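Here's the structure, in structure tokens; my notes come after.
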2 protein chains.
Amino acid sequence: MEKQTVTIYDVAREAAVSMATVSRVVNGNPNVKPATRKKVLAVIERLDYRPNAVARGLASKRSTTVGVIIPDVTNIYFASLARGIDDIAMMYKYNIILTNSDDASEQEVNVLNTLMAKQVDGIIFMGNHVDDKLRAEFKRAKAPVVLAGTVDPAGDTPSVNSDYAAAVEEAVTNLINHGHKKIALALGSLSQSINTEYRLAGYKRALNKAKLPYDDALVYEAGYSYDAGKKLQPVIADSGATAVFVGDDEMAAGIINASMESGINVPNDLEVVTSNNTIVTQITRPAITSITQPLYDIGAVAMRMLTKLMNDKELDEKAVILPYGIVRRDSTKSDEGETVN
Amino acid sequence: MEKQTVTIYDVAREAAVSMATVSRVVNGNPNVKPATRKKVLAVIERLDYRPNAVARGLASKRSTTVGVIIPDVTNIYFASLARGIDDIAMMYKYNIILTNSDDASEQEVNVLNTLMAKQVDGIIFMGNHVDDKLRAEFKRAKAPVVLAGTVDPAGDTPSVNSDYAAAVEEAVTNLINHGHKKIALALGSLSQSINTEYRLAGYKRALNKAKLPYDDALVYEAGYSYDAGKKLQPVIADSGATAVFVGDDEMAAGIINASMESGINVPNDLEVVTSNNTIVTQITRPAITSITQPLYDIGAVAMRMLTKLMNDKELDEKAVILPYGIVRRDSTKSDEGETVN
DNA sequence: TTGAAAGCGCTAACAC
DNA sequence: GTGTTAGCGCTTTCAA
């Protein structure tokens, strides 16, 4: 009952050629006489032969598989990156081993090791934080690693991102230009470099340039979720802030809904700008002004870089920065002088 | 410069035992004297030996990898299933090769074949439609296949789903109980069995039981997206329908926003019920009444079934149906007699 | 409890 | 253009 497998050897025998020749035609090696190729192809067809990728991997030391570490597939931000990664991977005939890390350092190291054991040819890492331990593992890995949508300020690991700091700076500057003096910043965790080293930094730069004082009390660390946003809204309201930059769309939606329901009009009493331009920004009322990031492209470019690395090519750029934009919707007042990067 | 790999042979030599013994300790085979085990473990530690999963796979004919075919990772419905799949896979020490199929039949067959070439031990398939060609491939595959969140009316492929037809029937019956005579049904594609054989069927059953006439003109095939919903709204309005069951949350959001903006109050002028209970249902105003499905669990159970199959165990049930529910929000009027399955 | 040895199915020199 | 032959790194009988 067990379906029996036909091997390259069977094909060779039936076609009256050597295994090497079969291997050549299977791999598209041009050094095969057309007639021979045709004969072999016929036998392959007849026997329904399918090369065993595992054996091939062992012999060639290339698995044509890349590992992708993602915090959570159900997070649309990372899933969008993953989509870009997968499409390019497919284009280059690589498969993807995808594993959720839950952003947990221990789990990330773990996963990295099983990926290495599976002999992946390269790794794309997505996460909110790269710590020393992880960095050490990257170095230890003999497969190249590329970070996608993931910053490592310390790192020399190749990466693809957009300019988070500049985006926030521009968004906050727009808010300042609307006359706001107290602008809140609602983030997830302040232990993540994207928040502290980029978003918070951009926020501070904007204030600085406008000679507005920086106030710790206006920076909120609340976790990224719709409910977190709803809970945070009264706190923001109490702070006297008249505008807020939010690091996550669902959180922004929570803030908006809670505001509107407690009689605080967005954008008249509170302007809101968010970060990821997911579909949520279109669905809320008012719809949310947002930074836009080329998520799919970040993934796609990361995968392209990885293919280069896997073929021992040099990278033109080690830390690629893709352009961001800002799309104005109804959660902010109209303004002049908005620019799009 | 190339990092050199340490093999089982190196460990054997250093520990002065045979490869077989090393293999035993690595695989937790109890037939090893504790002292020997300890000695080997020490060498493994010292050399930082990591077993090569590819070689292991070739020798043992098990890759501890399962293939997962998904229409699109960025679709939260399927991503939620994938999350359940991955968690259970990890629990059983399997890795996941994840590939997007775009719901394209050709691509699905393609992907299936490369997964087989990679010698996956099993496959979980998610998709909106299972056609004959695919069914044939499933049969041809020597690895077991389980469908997750995917119906195959014809099929004998093991599957995990919720009772889509009953859910729609109940939801529509609730609507009927509110006095509606013309209830629209907004779906994606009518070429997908989940829509015709389940949702449409449930819809018809509800009408039938209430002795309400079925009217083709009230069934819309519009594609699943926010914009599709917005575009569909005026059409529904023109039809005279006073309630609508929608197959997708974003589409429902589009219908609701477009309605409210054109002066049609939800739920007073139009009641709306949707299908997937994603975060979108909480974000819209009014929030949307929805069927709830245990998406994570559907994935998790599918993966559990697959592990059984991969170990040649019998399945208790071939077509598992997990319970659905209905959560009432503000897009429908309150009603008595709602039940939760 | 341990070891020897034969593969697993394929690629990659190398020789012809 | 084609064939021969070592492996790739591991598991798995089978003996001892």
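Order of the sequence lines sets the chain letters (A, B, ...), proteins ahead of strands, with each chain counted from 1. Since this is a predicted model, take the numbers as computed values, not measurements.
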Any donor-acceptor N/O pair, [X] side chain to [Y] backbone, under 3.5 Å:
| X | Y | value |
| --- | --- | --- |
| Asp72(A) | Thr74(A) | yes |
| Ser80(A) | Ile76(A) | yes |
| Asn29(B) | Val25(B) | no |

Check: Do Arg37(A) side-chain and dG1(D) base share a donor-acceptor contact under 3.5 Å?
Finding: no

Tell me whether the OP1 or OP2 atom of [N] has a side-chain N or O from [X] closer than 4.0 Å.
| X | N | value |
| --- | --- | --- |
| Lys61(A) | dG7(D) | no |
| Arg56(B) | dG9(D) | no |
| Ser18(A) | dG3(D) | yes |

Checklist line | Contact summary for Ser162(B) and Ile321(B), nearest pair of heavy atoms | finding: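 Heavy atoms only, the tightest pair is C-CG2, 4.0 Å.
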
Check: Of the non-hydrogen atoms in Thr99(A) and Leu115(A), which two are nearest, and what is the gap between them?
Finding: OG1-CD1, 4.4 Å

Item checked: Positional range of nucleotides in DNA chain C within the contact set of chain B, heavy-atom, under 4.0 Å ->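 In short, chain B contacts DNA chain C from dT1(C) to dG9(C).
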
Next item on the list: Evaluate whether atom NZ of Lys133(B) has more than 12 neighbouring non-hydrogen atoms of other residues, nucleotides or ligands under 6.0 angstrom away.
Entry: no

So [X], base contact, sugar-phosphate only, or nothing? Heavy-atom distance under 4.0 Å.
| X | result |
| --- | --- |
| Val54(A) | nothing |
| Ser23(B) | base |
| Asn52(B) | sugar-phosphate |

Item checked: Candidates dC8(D), dG9(D), dT12(D) - which lies nearest the side chain of Thr7(B) ->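 Per side-chain heavy atoms of Thr7(B), the pick is dG9(D).
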
